[in-house]
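Comments concern the structure below.
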Amino acid sequence: MATHSRHDTGARRRPAAVIVGMMGAGKTRLGKEMSQMLGIGFADADQQIEDAIGMSIPKYFARHGEAAFREVERRTVAETLGSFDGIYALGGGAPMTPAVREALHDYAEHGGRVIYLLADPSEAMERARRGGGRPMLDGDADARWMALYEQRDPVYRQVANVIVRTHGMTPKAAARKMIEMTNEGIVHVDGAGIEPYDVRIGEGALNHLPDVLGAGPVRVALIHTQSVQRHSDRARAILRKAGYEVSDIVIPDAEAGKTVQVADGIWQRLGNEGFTRSDAIVGLGGGACTDLAGFVAATWMRGIRYVNCPTSLLAMVDASTGGKTGVNTPQGKNLVGSFYTPAGVLADLRTLTSLPNDIFIEGLGEVAKSGFIRDPEILTILEDHADELRAFDGEAFLDSPLKPVVAELIERTVRVKAHHVRADLKEAGLREFLNYGHTFGHAIEQLEHFRWRHGNAVAVGMVYAAELSNLTGHLDRPTVEYTYDLLDRLGLPTSWNGAGFDEVLALMHRDKKARGNTLRFVGLEEIGRPFHLDDPDPQTVREAFERVRQQA
Ligand SMILES: NC(=O)c1ccc[n+]([C@@H]2O[C@H](COP(=O)([O-])OP(=O)(O)OC[C@H]3O[C@@H](n4cnc5c(N)ncnc54)[C@H](O)[C@@H]3O)[C@@H](O)[C@H]2O)c1
Ligand SMILES: O=C(O)C(=O)C[C@@H](O)[C@H](O)[C@H](O)COP(=O)(O)O
């Protein structure tokens, strides 16, 4: 499980995954299957306890009572969580003990995966009955099982960070799904004014859709573009299987879909199809689609639940997280919108299999931005893998050595985004650093009538910001040269000559960071140290433009 090693904080051993769930859910069966597939060990808490007490659990229960049993269980679980590195299945009642919950919470906080195995109740009841020897089911077994389920289900949901539904699956298919869903990166986003949510990055992340949407919505509007039909078909199947009524809404591709006219068409459909406040929206596509879907969610009945399923690299690393939603107007990019936080972000790496090479490369622009403003390790990874990244081939991606590299770049970039959003949701200061390269970049997009892709425009915008920082005496020349060199190696543009200075300047004055007649930029003092560059000398603003243009 590659993801876990990324979170390792020391030499301490800990399970690759812990499985919780009701009696009869298949924790032992599927845990063994997972451990065989992964070639790692398996431990079952009930078996460990029976070995330790030297008798069967029912006998121990009868002699010493439940409280004594729970104490042995607590000790066993605590010890195993700190010393075992295979798959660990817990007894159904273990998470009901507060100390076990705390230990699981600590384990999950340090990157551990707690899987709630959610089987179909009738299947699980039947298995639990067949298994016998379960003191908690004494009497009417099915009624007892149901009562325990009602008690325990909310607790399992609280301790787990992965919920896997196995209804109708063979044990092998279920174990494969469990491996897939645990082997993913999770970035938690919280902060003032933010209902906390997770960004999940991995193959099969779309499987989380029902659990992120929850039981509230009856209807779900699945907003997507034609270009991602294959993936929206998969999302629709997952949603329908979970019992939602799905409205399929196809919008125009790219920036053409990010308009108030498109939003209006969707508002009309939601109205005609009876969408209420408890219903939900899923935006599946590139950043233009998730921006638009979020905007519709923010405005429909003043705000309904939404989940983003980004399918381009750029949307995975940036657009889908942080709650900036909006549309463009003829006067500029993203001029109308709202800060509105998603309920979750599911970045399914499988969707990248259909992503064209040039759109993947565009996404590297925002990845590099995050390296420049905060995480230099991102730049090192980009340097080390520039040739392979530049040669990205979606069809070969999932089986290629590039997959873990891209997964790590996505997770690191999302962490940079989460850091800024957490501290400053509504962009009063720190969050503006995420706008590095955007003042000039947005002007290019507008002047090129969106024929230039966002990430490419931001790449040139970063060159402009680096030159401006250099001209104002903040950034050394080698770092400016490094910016040109790295972006160039990744296949990103570093110059632009599409319009005159006055047109660019007029658009930069309309940037959202501008105040009154004052231009405001994000500059760089050194890699990892952005700063607010307010009201720079007009001559320098022009000179930086000339430098970027001269290269073209
Ligand atoms: N909200 C934010 O915080 C934020 C952050 C960064 C960018 N953005 C916005 O995001 C947009 C740019 O995002 P983008 O680069 O994803 O552009 P995009 O949405 O235009 O997608 C690029 C192209 O790739 C296609 N595509 C996407 N995923 C695909 C897949 N898996 N297979 C095949 N084709 C696929 C799209 O249909 C489109 O043609 C801009 O509008 C930008 O302003 C928003
Ligand atoms: O999340 C942010 O904040 C950003 O600035 C991220 C940018 O990369 C992104 O392009 C965003 O859409 C720009 O927003 P805007 O406020 O400049 O329109």
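Just so you know, ligand 1 is whichever comes first in the structure, and atom 1 is the first atom listed for that ligand.
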Quick one: nearest non-hydrogen protein atom to [atom], plus distance?
{"atom": "atom 8 (N) of ligand 1", "value": "Ala319 CB, 3.6 Å"}
{"atom": "atom 12 (C) of ligand 1", "value": "Leu314 CD2, 3.7 Å"}
{"atom": "atom 41 (O) of ligand 1", "value": "Glu255 OE2, 2.5 Å"}
{"atom": "atom 11 (C) of ligand 1", "value": "Ala288 N, 3.5 Å"}
{"atom": "atom 15 (O) of ligand 1", "value": "Glu362 OE2, 2.8 Å"}
{"atom": "atom 18 (O) of ligand 2", "value": "Lys512 NZ, 2.6 Å"}
{"atom": "atom 35 (C) of ligand 1", "value": "Leu355 CD1, 3.7 Å"}
{"atom": "atom 12 (O) of ligand 2", "value": "Asn334 ND2, 3.5 Å"}

How does [X] reach ligand 1, if at all, at less than 4.0 Å between non-hydrogen atoms: by side chain, backbone, both, or neither?
{"X": "His454", "answer": "side chain"}
{"X": "Lys417", "answer": "side chain"}
{"X": "Thr311", "answer": "both"}

Open item on the list: Could you check whether His454 and His442 have their ring centres less than 6.0 Å apart?
Closed with: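 Between His442 and His454, the centre distance is under 6.0 Å.
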Open item on the list: Could you check, using the six-membered ring where one of them is a Trp, whether His188 and Tyr197 have ring centers closer than 6.0 angstrom?
Closed with: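 Between Tyr197 and His188, which both carry aromatic rings, the centre distance is not below 6.0 Å.
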Open item on the list: Tell me whether Arg302 at atom CZ has more than 12 heavy atoms from other residues, nucleotides or ligands lying less than 6.0 Å away.
Closed with: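 Incorrect, the count does not exceed 12.
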Nearest candidate to [atom], where distance is taken over non-hydrogen atoms, out of [options]:
{"atom": "atom 7 (C) of ligand 2", "options": "His438, Glu445, His442", "value": "His438"}
{"atom": "atom 24 (O) of ligand 1", "options": "Ile359, Leu313, Asn334", "value": "Ile359"}
{"atom": "atom 38 (C) of ligand 1", "options": "Asp253, Leu292, Asp291", "value": "Asp253"}
{"atom": "atom 13 (O) of ligand 1", "options": "Gly337, Ala457, Gly287", "value": "Gly287"}
{"atom": "atom 32 (N) of ligand 1", "options": "Ala254, Ser354, Pro356, Gly455", "value": "Ser354"}
{"atom": "atom 18 (P) of ligand 1", "options": "Gln226, Lys333, Arg453, Lys258", "value": "Arg453"}
{"atom": "atom 16 (O) of ligand 1", "options": "Gly394, Gly365, Ser312", "value": "Ser312"}

Open item on the list: I'd like to know if Glu180 pairs up with Arg350 as an ion pair, taking the criterion as any Lys NZ or Arg NE/NH1/NH2 lying under 4.0 Å from an Asp or Glu carboxylate oxygen.
Closed with: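 Salt bridge: yes.
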Task: Under 3.5 Å: N/O of Glu445 near N/O of ligand 1 - done: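 Between Glu445 and ligand 1 (N or O atoms, distance only) the closest approach is not under 3.5 Å.
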Nearest 0.5 Å, what's the [atom1]-[atom2] distance between [X] and [Y]?
{"X": "Asp291", "Y": "Lys333", "atom1": "CG", "atom2": "NZ", "result": "7.0 Å"}
{"X": "Thr353", "Y": "His231", "atom1": "OG1", "atom2": "NE2", "result": "4.5 Å"}
{"X": "Leu471", "Y": "Glu543", "atom1": "CG", "atom2": "CD", "result": "5.5 Å"}
{"X": "Lys177", "Y": "Arg165", "atom1": "NZ", "atom2": "CZ", "result": "8.0 Å"}

TODO: Begin with the C-alpha distance, continue with both residues' side-chain angles, and end with the deciding distance and a verdict on salt bridge (Lys or Arg N to Asp or Glu O under 4.0 Å) for Asp279 and Arg219.
DONE: CA-CA 5 Å; Asp279 292 322; Arg219 290 172 203 81; 3.0 Å; yes
TODO: Identify the residue among Lys512, His509, Lys513, Arg520 that makes a side-chain hydrogen bond (donor to acceptor under 3.5 Å, both in side chains) with Thr439.
DONE: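 Only match with Thr439 under side-chain hydrogen bond (donor to acceptor under 3.5 Å, both in side chains): Lys513.
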- [ ] Would you check whether Lys369 reaches within less than 4.0 Å of ligand 2, judged by its heavy atoms?
- [x]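 Yes, that is the case, since the closest heavy atom of the residue is under 4.0 Å from the ligand.
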Open item on the list: Under 4.0 Å, counting heavy atoms only: does Lys513 come that close to any atom of ligand 2?
Closed with: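 In this structure, Lys513 fails to qualify as a contact of ligand 2 - no heavy atom is under 4.0 Å.
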Open item on the list: So, applying side chain to side chain contact (heavy atoms under 4.5 Å, CB included) with Phe392, which one of Leu355, Leu364, Ile359, Ile361 is it?
Closed with: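 When Leu355, Leu364, Ile359, Ile361 are each tested with Phe392, the side chain to side chain contact (heavy atoms under 4.5 Å, CB included) holds only for Leu355.
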Geometry only, no angles: is [X] polar-contacting ligand 2 at N/O separations under 3.5 Å?
{"X": "Asp511", "value": "no"}
{"X": "Asp318", "value": "yes"}
{"X": "Asn435", "value": "yes"}

- [ ] Before giving the answer on side-chain contact (heavy atoms from CB on, under 4.5 Å), spell out for Leu382 and Leu389 the whole-Å C-alpha distance, their side-chain angles and the decisive distance to 0.1 Å.
- [x] CA-CA 8 Å; Leu382 290 174; Leu389 289 163; 3.8 Å; yes
Task: Sub-4.5 Å side-chain heavy-atom contact between Val406 and Phe360 - done: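 Val406 vs Phe360: side chains touch.
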TODO: Identify the residue among Phe275, Phe295, Tyr340 that makes a ring pair (Phe, Tyr, Trp, His ring centres under 6.0 Å) with Tyr306.
DONE: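 Among the candidates, only Tyr340 passes.
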Task: Side-chain donor-acceptor contact under 3.5 Å, Glu383 with Tyr482 - done: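 Short answer, yes.
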Task: Under 4.0 Å to a heavy atom of Thr225 - the qualifying atoms of ligand 1, by number - done: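 Ligand 1 atoms under the 4.0 Å threshold to Thr225: 37 (O).
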